[in-house]
> 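Below are the C-alpha cells for one structure; questions will follow.
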Number of protein chains: 2
Amino acid sequence: MTKLPSNLTNSIKLLRTKLDLTQDDLAKKTNCSRQTINAIEKNKYSPSLLLAFKIAYILETNIDEVFGIE
Amino acid sequence: MTKLPSNLTNSIKLLRTKLDLTQDDLAKKTNCSRQTINAIEKNKYSPSLLLAFKIAYILETNIDEVFGIE
DNA sequence: ACATAATGTAAAAAATATTTTACACTGTAA
DNA sequence: TTACAGTGTAAAATATTTTTTACATTATGT
C-alpha cells in the first residue's frame, strides 16, 4: 500500500457464517437493516465508522480483521 | 465494552501534531476538506470507514490506534 | 501592535449512506 | 411439490456525511 488507499474489502460473510449468523441476525444485532448488511458485505458503499465498529464487535474481532483497504 | 458500542473517540490531534501536520495538511493528504478533519477531530460525526482508513494511513498507524469506541 | 497561520464554527448545497417496502431467486426440509 | 429461510436487488424516501464559502477566534512571530 504505497498510495492513498481507496478500495475497501471485507470478510463479513466469512466471519458471519463462522458464527452461524444470517445477514438478518447481524443486522438486528448491529441495529441496522438487512439491506445495509447485504450492501456492505457486497461492497456497495463504505459504511460509517461507527457501524463498522459495531459489525466488528458482533463478529468478535476488530475492524482490521473485518475490513481491508487497497 | 459489554454492550453494543455507540460512542466514538479519536486521537487524531495527538497523532497529527506528532507528525507536525496541520488540519489542513491532513485534509489535503486524505483528499477531504479541512472542515471535515476538524469536525471528525472534534467528534461531530462518524466519518466513513474509507476516510477513517485514509486518516489512519496518513497518520502512519491503523484505525484502532486512531479511533476508539465506548 | 501588526501580520499571519492555525483552528473553530455556521449555513446551504451536494454527495453518500441507510431505511423501508417490496419482490425475485436459490436451496433445502417436509 | 410446497413451504420457508436466506439472500440479492431496486426504487423512493430519509438521514447523515462532506463540500464550499465565509467569517471569527486564538496563538505566534516580527
Side-chain angles (χ1 to χ4, degrees):
Chain A
M1 189 163 74
T2 165
K3 233 186 132 302
L4 191 63
S6 56
N7 274 83
L8 284 175
T9 61
N10 77 83
S11 313
I12 295 179
K13 183 169 191 170
L14 180 71
L15 297 162
R16 176 171 65 73
T17 55
K18 198 178 289 184
L19 292 175
D20 203 29
L21 294 174
T22 67
Q23 291 182 348
D24 197 48
D25 291 336
L26 182 53
K28 288 193 172 82
K29 286 180 184 255
T30 54
N31 292 323
C32 75
S33 70
R34 180 181 65 81
Q35 286 79 350
T36 294
I37 294 295
N38 185 279
I40 294 169
E41 197 168 301
K42 310 207 87 202
N43 254 303
K44 298 293 178 62
Y45 49 67
S46 172
S48 72
L49 179 60
L50 187 54
L51 180 52
F53 264 115
K54 288 178 182 176
I55 290 172
Y57 174 72
I58 296 299
L59 295 182
E60 299 175 3
T61 183
N62 54 355
I63 290 207
D64 291 296
E65 295 293 329
V66 181
F67 298 93
I69 199 82
E70 283 164 357
Chain B
M1 188 163 70
T2 164
K3 234 186 132 302
L4 190 62
S6 55
N7 275 83
L8 284 176
T9 61
N10 76 82
S11 314
I12 295 180
K13 184 169 190 172
L14 181 71
L15 297 163
R16 176 172 65 72
T17 55
K18 199 179 289 185
L19 292 174
D20 203 29
L21 294 173
T22 66
Q23 291 182 347
D24 196 48
D25 292 335
L26 181 53
K28 288 194 172 83
K29 288 183 185 253
T30 55
N31 291 324
C32 76
S33 70
R34 179 180 67 81
Q35 286 78 351
T36 295
I37 294 296
N38 185 278
I40 294 168
E41 198 168 300
K42 309 207 87 199
N43 255 303
K44 297 294 178 63
Y45 49 66
S46 171
S48 71
L49 179 60
L50 187 53
L51 180 52
F53 264 116
K54 289 179 182 177
I55 291 172
Y57 174 72
I58 297 301
L59 295 182
E60 300 175 3
T61 185
N62 53 358
I63 289 204
D64 291 296
E65 295 293 328
V66 182
F67 298 93
I69 198 83
E70 282 163 357

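As a basis for the values below, the full set of heavy atoms in this structure was taken, side chains included, without hydrogen atoms, waters or symmetry mates. Proteins come first, then strands; the chains are lettered A, B, ... in the order of their sequence lines, and each starts at number 1.
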> Generate the contact string for nucleotides 10-22 of chain D. Rules: B means base contact, S means sugar-phosphate contact only, - means no protein heavy atom under 4.0 Å.
B------SBBBBB
> At what distance, to the nearest 0.5 angstrom, does NZ of B:Lys18 lie from CD of B:Glu60?
11.0 Å
> Between A:Ser48 and B:Ser46, is there a donor-acceptor pair closer than 3.5 Å when you use the side chain of the first and the backbone of the second?
no
> To the nearest 0.5 angstrom, please state how far the CZ atom of A:Phe53 sits from the CG atom of B:Leu8.
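Interatomic distance, A:Phe53 CZ to B:Leu8 CG, rounded to 0.5 Å: 6.5 Å.
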> Round to the nearest Å and state the distance from A:Asn43 atom CG to D:dT7 atom P.
17 Å
> Report yes or no: does A:Asp25 contribute a side-chain atom to a donor-acceptor pair with the main-chain N or O of A:Thr22 at less than 3.5 Å?
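Judged by distance alone, yes, a pair lies under 3.5 Å.
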> State which residues pass side-chain hydrogen bond (donor to acceptor under 3.5 Å, both in side chains) with A:Thr61; sequence neighbours excluded, sorted by chain then number.
none
> Out of curiosity, A:Ile37 CD1 to A:Gln23 CD, how far, rounded to the nearest 0.5 Å?
8.0 Å
> Which residues, if any, of residues 19-26 of chain A bring a heavy atom under 4.0 Å of DNA chain D?
A:Thr22, A:Gln23
> Quick check for you: to the nearest 0.5 Å, what is the distance between B:Thr36 atom OG1 and B:Lys44 atom NZ?
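Result: 11.5 Å between the selected atoms.
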> Please report the interatomic distance CG(B:Leu59) to NZ(B:Lys13), rounded to the nearest 0.5 Å.
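The NZ atom of B:Lys13 is 14.0 Å from CG of B:Leu59, to the nearest 0.5 Å.
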> Within the pair B:Asn38 and C:dT7, is there a side-chain N or O less than 4.0 Å away from OP1 or OP2?
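It does not, given that no N or O in the side chain of B:Asn38 lies less than 4.0 Å from OP1 or OP2 of C:dT7.
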